[in-house]
Amino acid sequence: MPHSARIYDYWLGGKDNFAVDRAVGDAMIKAIPGMRYMAAENRKFVHRVARDLVATEQIHQFLDVGTGIPTRPNLHEIAQRTEPGARVVYVDNDPIVLVHARALMISTDQGRSEYISADLRAPESILNDKVLRDTLDLGRPVGLTLIAILMLIADEDDPWSKVDALRDAMPSGSLLAITHPTADFAPDEVNEAVAAATSAGMTLVARPEADIRRFFGDWELLEPGLVPVSNWRPDEPVDNPQAAYYWAGVARKP
């Protein structure tokens, strides 16, 4: 079966994917010619978030749910450039991700980088994991990242309650970073891409801005708010922020 992590790896130019992943990936590229660009913009967002949360918000530990196949630099590498003692727990449910994460996600001596196999659909399996509890101090603020993962849970499975459970477990001062695909900018293209994925047996949901905003609950969005992913604190001006069909934002727990 095609898997989102391997399709994403294919879009980013990786080699850890199968023919079935490439077939779905190509069908989605046919629908959205800029798909590879969009995937790259998501990765750039992760880098900016890791950098800014460590340097500006003093976040020194992260929980990254829906990690995907490692693409360097990884979140912990960006974080540890500023804070060598930063700690990161990665979460995914694909065995291929597990193999590569353990081989490639190597921490500094001062910090720590761990990987756990768990599923966002069962948030307690993440929160109760011994490795997570040993690695992160849930009495101190955590950077919780959900990058291009919530699209894989259907509305009827209530992804909002899954995120609520993770948010509730985070201490005051924690930050939540989300990117999520949307049809708000190009409905015809996105709907065709969703159809290509669902016809291959995948769940893929592109949500409007209001539904994505709900994932943040009552947490306060940092500047610049919920914006197109390319426009979240870009390193240089962006000609067309809506060329990447994702909303993105970071919010702080009161």
Side-chain angles (χ1 to χ4, degrees), residues 3-5 7-8 38 42 45-46 49 53 57 59 61-68 75 89-94 116-129 132 136 138 141-185 187 190-191 193-195 197-198 201-229 231-232 244-254:
H3 191 282
S4 59
I7 294 171
Y8 210 80
M38 291 165 53
N42 253 311
F45 171 82
V46 173
V49 163
L53 265 56
E57 304 293 337
I59 297 292
Q61 51 180 0
F62 291 83
L63 175 58
D64 181 50
V65 182
T67 299
L75 188 153
V89 172
Y90 294 104
V91 183
D92 209 294
N93 66 351
D94 181 7
I116 63 176
S117 181
D119 197 316
L120 177 57
R121 294 173 181 83
E124 67 281 357
S125 71
I126 299 171
L127 296 168
N128 295 332
D129 189 277
L132 182 146
L136 304 183
L138 295 185
V142 174
L144 172 61
T145 57
L146 299 169
I147 307 301
I149 180 66
L150 295 167
M151 62 188 184
L152 303 178
I153 304 179
D155 284 358
E156 53 266 33
D157 293 325
D158 193 9
W160 295 277
S161 69
K162 317 304 182 189
V163 179
D164 287 348
L166 293 178
R167 286 203 327 268
D168 289 347
M170 299 296 108
S172 176
S174 293
L175 291 158
L176 169 61
I178 291 174
T179 69
H180 197 300
T182 183
D184 290 350
F185 309 145
V190 172
N191 290 338
V194 168
T198 55
M202 296 178 62
T203 296
L204 180 61
V205 185
R207 293 187 169 95
E209 178 187 6
D211 284 354
I212 298 166
R213 192 175 292 272
R214 285 177 57 194
F215 288 116
F216 293 100
D218 63 352
W219 292 25
E220 178 186 5
L221 280 162
L222 304 186
E223 291 295 332
L226 187 61
V227 296
V229 65
N231 243 17
W232 195 91
Y245 310 151
Y246 281 80
W247 288 108
V250 180
R252 180 188 291 109
K253 185 170 186 176

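Proximity of Leu75 to Phe62: side-chain heavy atoms (C-beta onward) are separated by under 4.5 Å at one or more points. Looking only at side-chain heavy atoms (C-beta outward), Leu144 and Val65 come within less than 4.5 Å of each other. The shortest distance between side-chain heavy atoms of Val89 and Ile116 falls below 4.5 Å. When side chains are defined from C-beta on, Asp64 does not count as touching Val46, because their heavy atoms never get closer than 4.5 Å. Val250 places none of its side-chain heavy atoms less than 4.5 Å from the side chain of Glu57. The shortest distance between side-chain heavy atoms of Leu176 and Lys253 does not fall below 4.5 Å. You'll find the side chain of Val190 stays beyond 4.5 Å of the side chain of Thr182, heavy atoms only. Residues Leu120 and Val91 fail the side-chain proximity criterion, which asks for heavy atoms closer than 4.5 Å.
Of all heavy-atom pairs spanning Ser125 and Ala118, the tightest one is OG-CB, 3.6 Å. For the residue pair Pro141 and Ser174, the shortest heavy atom distance occurs at CA-OG, 3.5 Å. Taking both residues in full, the closest heavy atoms of Leu53 and Gly143 are given as CD2-CA, 4.4 Å, listed atom of the first, atom of the second, then distance. Ala251 and Phe216 get closest at one heavy-atom pair: CB-CD2, 3.5 Å. In plain terms, the two heavy atoms of Tyr246 and Ala148 that are nearest each other are CE2-CB, 4.0 Å. Here the shortest heavy-atom pairing between Leu127 and Ala165 reads CD1-O, 3.8 Å.
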For this session: In sequence, state the C-alpha distance, the side-chain angles, and the governing distance for Leu226 and Ile178, and then conclude on side-chain contact (heavy atoms from CB on, under 4.5 Å).
Result: CA-CA 9 Å; Leu226 187 61; Ile178 291 174; over 6 Å; no
For this session: May I have the step-by-step check of side-chain contact (heavy atoms from CB on, under 4.5 Å) for Val205 and Ile153, ending in yes or no?
Result: CA-CA 7 Å; Val205 185; Ile153 304 179; over 6 Å; no
Problem set entry | Check against side-chain contact (heavy atoms from CB on, under 4.5 Å), Leu150 and Ile212 | CA-CA 9 Å; Leu150 295 167; Ile212 298 166; over 6 Å; no
For this session: Test Val229 against Met38 for side-chain contact (heavy atoms from CB on, under 4.5 Å), laying out the working first.
Result: CA-CA 9 Å; Val229 65; Met38 291 165 53; over 6 Å; no
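With sequence neighbours excluded, no residue forms a side-chain hydrogen bond (donor to acceptor under 3.5 Å, both in side chains) with Asp92.
Screening residues 211-222 for side chain to side chain donor-acceptor pair (under 3.5 Å), with sequence neighbours left out, gives Glu209-Arg213.
The distance from the CD atom of Glu124 to the CG atom of Asp119 is 10.0 Å, given to the nearest 0.5 Å. The CG atom of Asp164 sits 9.5 Å away from atom CZ of Phe215, with the distance rounded to the nearest 0.5 Å. One distance of note links CG of Leu152 with CE of Met202; it measures 6.0 Å at 0.5 Å rounding. To the nearest 0.5 angstrom, Thr67 atom OG1 is 8.5 Å from Ile149 atom CD1. Atoms CD1 and CG, from Ile126 and Leu132 in turn, are 8.5 Å apart once rounded to the nearest 0.5 Å. Atom CZ of Phe45 and atom CH2 of Trp232 lie 6.0 Å apart (nearest 0.5 Å).
Looking at Arg207 and Asp155, a side-chain N of the basic residue comes within less than 4.0 Å of a carboxylate O on the acidic one, giving a salt bridge.
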